[in-house]
Number of protein chains: 2
Amino acid sequence: MANAHDVAQLAGVSVSTVSRALTAPTQVSATTRERVLEAAERLGYTPNPTARGLRLGRTHTLGLLVPDLENPYFASVTKGVQARARAAGYPVFVADSEEDPTAEPGLVAQFAARVDGIVLASPRSDDEVLRKAVAHLPVVLVSRDMADLPSVAVDDADGIAQVLGHLHALGHRRVGVAAGPASSWSGARRLDGLRAAAERLGDVALVELGSFRPYFSGGLAAADHAVAQGVTAVVAFNDLMALGILDRLRGRGVSVPQDISVVGYDDVDVATLVSPALTTVRVPRTGLGRRAVDLLLSWLDVGHVDDQALARARHRLPAELVIRDSTGVPPA
Amino acid sequence: MANAHDVAQLAGVSVSTVSRALTAPTQVSATTRERVLEAAERLGYTPNPTARGLRLGRTHTLGLLVPDLENPYFASVTKGVQARARAAGYPVFVADSEEDPTAEPGLVAQFAARVDGIVLASPRSDDEVLRKAVAHLPVVLVSRDMADLPSVAVDDADGIAQVLGHLHALGHRRVGVAAGPASSWSGARRLDGLRAAAERLGDVALVELGSFRPYFSGGLAAADHAVAQGVTAVVAFNDLMALGILDRLRGRGVSVPQDISVVGYDDVDVATLVSPALTTVRVPRTGLGRRAVDLLLSWLDVGHVDDQALARARHRLPAELVIRDSTGVPPA
DNA sequence: GGTCAGTCTGCAAACGATCCCGGGATGCGT
DNA sequence: ACGCATCCCGGGATCGTTTGCAGACTGACC
């Protein structure tokens, strides 16, 4: 690989001039700049990012921490982060904590000296642990809220209100709720939103079917509860659970949406691959990642980590109800 | 952040000794080593990776390039790479080329100075372009073969042979083939394997239904061809296509597996979430990633890039037929 | 006690870039 | 012709670490 020194030699100038020709073009005369650029071109010169990082104290690199890359939700967030960072010329380190919150501080520590900032998608880990881990590093949270840290999340309250409004408009008055793990931050948020929406509507009863695992298997269990409780519609914590519910209902001869309507959350790809196609809430997952990077980069540009206004930044992206074939009017 | 200099001062030694105490413990006396280690502990000192990288000429970092992070296949590969690299203490840059082969050389170039080696999962890009892009950097290919580059792939020929053997054993003699994009390396490989297997079995006719998009939508189209050609079983390029086939057949009132058997490939999670559950071929996707990293790291340990034996390394991981409910005996 | 082998440690030079600082050249006005 | 401001450019320090080299010290042996 070619040096700044090599380029300088070929162009007949000093290394300082080479550096300036590339980073501060106005400080060098047009003719020499031309010579330097051509020499750099000929040698295929690219400034060594490591040396640059050492001198500047910035690595021009971002980090991303997710609980599970195989989870389509986080895969999309990752893709969004990746795309945005790439556009800005930032490579990004990706780490998968394998759903183990205790591993996160270590991962963050590993990143600390190698990145300029971190996007953190960590639905379950403890507040204090997190806060300590990210003490001296710009961090943006995804799908989670925390005092004095900037975050990007979906407006779940609104999304879930759209769901209940949809069901209410169809005529449903007894709606089952299949909740997710109690420890999930966004799960609690959705439940709150649901209760608030029910409150506003007045004449709809929320039947809490219980707390289930946020996977296909959890949905299988939830479906039986729904039937037992005699609800006319079920709102699931996420799409995977909703798919489990669909499968189990079909197995028991309960037809959807004629007998029971089912609504998911997230709009993962599979939602359109089943029949009936799933009514669900589309959350802008890659959008979350993109926005998080935008926030992080603007923070880095400003420079001071303790900028209060920035640290309090809370971004809420809109969710959108997608009506498909798994919801209909309740049976007479 | 604490320096080696800070640690040296606190321990009352020179920076050289600090460095040696951490990297070459035998070269320093037990007592001073103890002092240094304690001082380092107290200050929370970690050697600056950037400075280290500059001095050593190695970044202790890996790169991974995939065409699409939202594709479950590559999400799993990424997860495997991630897990293995993390265990070895290597952070990994992840880049998503967004299915655009022309973007790959640029991405690789961006990586070049920042990583010690690259795992490349690039099913479609041109050989020559690739070879040039990776000229001076250790690279391991995933799910793809190329002369003089080490690679890790699945034994597709064997996997597909298991599929055909299974169908043959059930009694199928007219088997439809829904191929993927012609440019896909592994697609061509599977087709070859299928033909070879048919040849060996002797009494089974392969009906090529055409080349379809490797998504749900491609399967919808393929299904109609299958019905038109009167085959009793269909082998799809991948699971998504198989799901499309299932959906379309159901829509047309063709029951699976009574009328037609359907087999996928990859064993993505969704394969178990549909009914009938999909018979498919499980490929060790995270295993591919893990093995690729193993190969890369051992290469880096050896040091010389032009080690012929290593460069020729071709790893073939076994595929496994998973029989579920979408295959059965053909109609009488 | 002097020599020598061996062990331990510090000095200083790298690695490759950036950037402060000062000097030379140039142009302009007087 | 001289002073002065302006513009370009090169020298060299710097970021934090590793490492070759040499000096200092210890202990042992003749």
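When reading the values below, keep in mind they use all heavy atoms of this one structure, side chains included, and skip hydrogens, waters and symmetry mates. In what follows, chains are A, B, ... by sequence order, proteins preceding strands, each numbered from 1.
- Between the side chain of A:Asp116 and the backbone N or O of A:Arg58 there is no donor-acceptor pair closer than 3.5 Å.
- With values rounded to the nearest 0.5 angstrom, A:Thr59 atom OG1 is found 7.5 Å from A:Phe93 atom CZ.
- The 12-atom threshold is exceeded at CD of A:Glu99, counting heavy atoms of other residues, nucleotides or ligands nearer than 6.0 Å.
- Residue contacts for A:Leu54: at a heavy-atom cut-off of 4.0 Å it reaches a base atom on one of the strands shown.
- Residues A:Lys79 and B:Asp68 are in side-chain contact: their nearest non-hydrogen atoms beyond the backbone lie under 4.5 Å apart.
- Rounded to whole angstrom, the span from the CG atom of A:Leu43 across to the P atom of C:dA17 amounts to 12 Å.
- Salt bridge status for A:Arg316 with A:Asp145: present, with a side-chain N to carboxylate O gap under 4.0 Å.
- At a threshold of 4.5 Å between non-hydrogen side-chain atoms, the residues B:Val115 and B:Leu137 count as touching.
- Nearest to the side chain of A:Ala51, among C:dG16, C:dT9, C:dT18, sits C:dG16.
- A straight line from CG of B:Leu56 to C1' of D:dG16 spans 11 Å, rounded to a whole angstrom.
- A:Ser76 contributes a side-chain N or O that, together with a main-chain N or O of A:Pro72, makes up a donor-acceptor pair within less than 3.5 Å.
- Between the OG1 atom of B:Thr286 and the CG atom of A:Leu69 there is a distance of 11.5 Å, given to the nearest 0.5 Å.
- Phosphate proximity of D:dG16 to B:Asn3: present, with a side-chain N or O under 4.0 Å from OP1 or OP2.
- Atom-to-atom, CZ of A:Arg114 to C1' of D:dG16 comes out at 14 Å; the value is rounded to the nearest Å.
- Only B:Ser16, B:Ser19, B:Arg20, B:Thr23, listed by number, bring a heavy atom of residues 7-31 of chain B to less than 4.0 angstrom from any atom of DNA chain D.
- As rounded to whole Å, 13 Å separates atom P of C:dA17 from atom CZ of A:Arg55.
- Distance CE (A:Met1) to P (C:dA17): 12 Å, rounded to an integer number of Å.
- In this structure, the NE2 atom of A:His5 is 11 Å from the P atom of C:dG16, given to the nearest Å.
- Between the OH atom of A:Tyr45 and the P atom of C:dG16 there is a distance of 10 Å, rounded to whole Å.
- By the 6.0 Å contact criterion, CZ on A:Arg35 is enclosed, its count of non-hydrogen atoms from other residues, nucleotides or ligands being greater than 12.
- In this structure, B:Thr50 reaches neither bases nor backbone, as no heavy-atom distance under 4.0 Å exists between it and the strands shown.
- Rounded to an integer number of Å, the gap from NE2 of A:His60 to C1' of D:dC15 is 19 Å.
- The rotation axes computed at either terminus of the helix from C:dG1-D:dC30 to C:dT30-D:dA1 lie 60° apart, taking five pairs at each end and rounding to 10 degrees.
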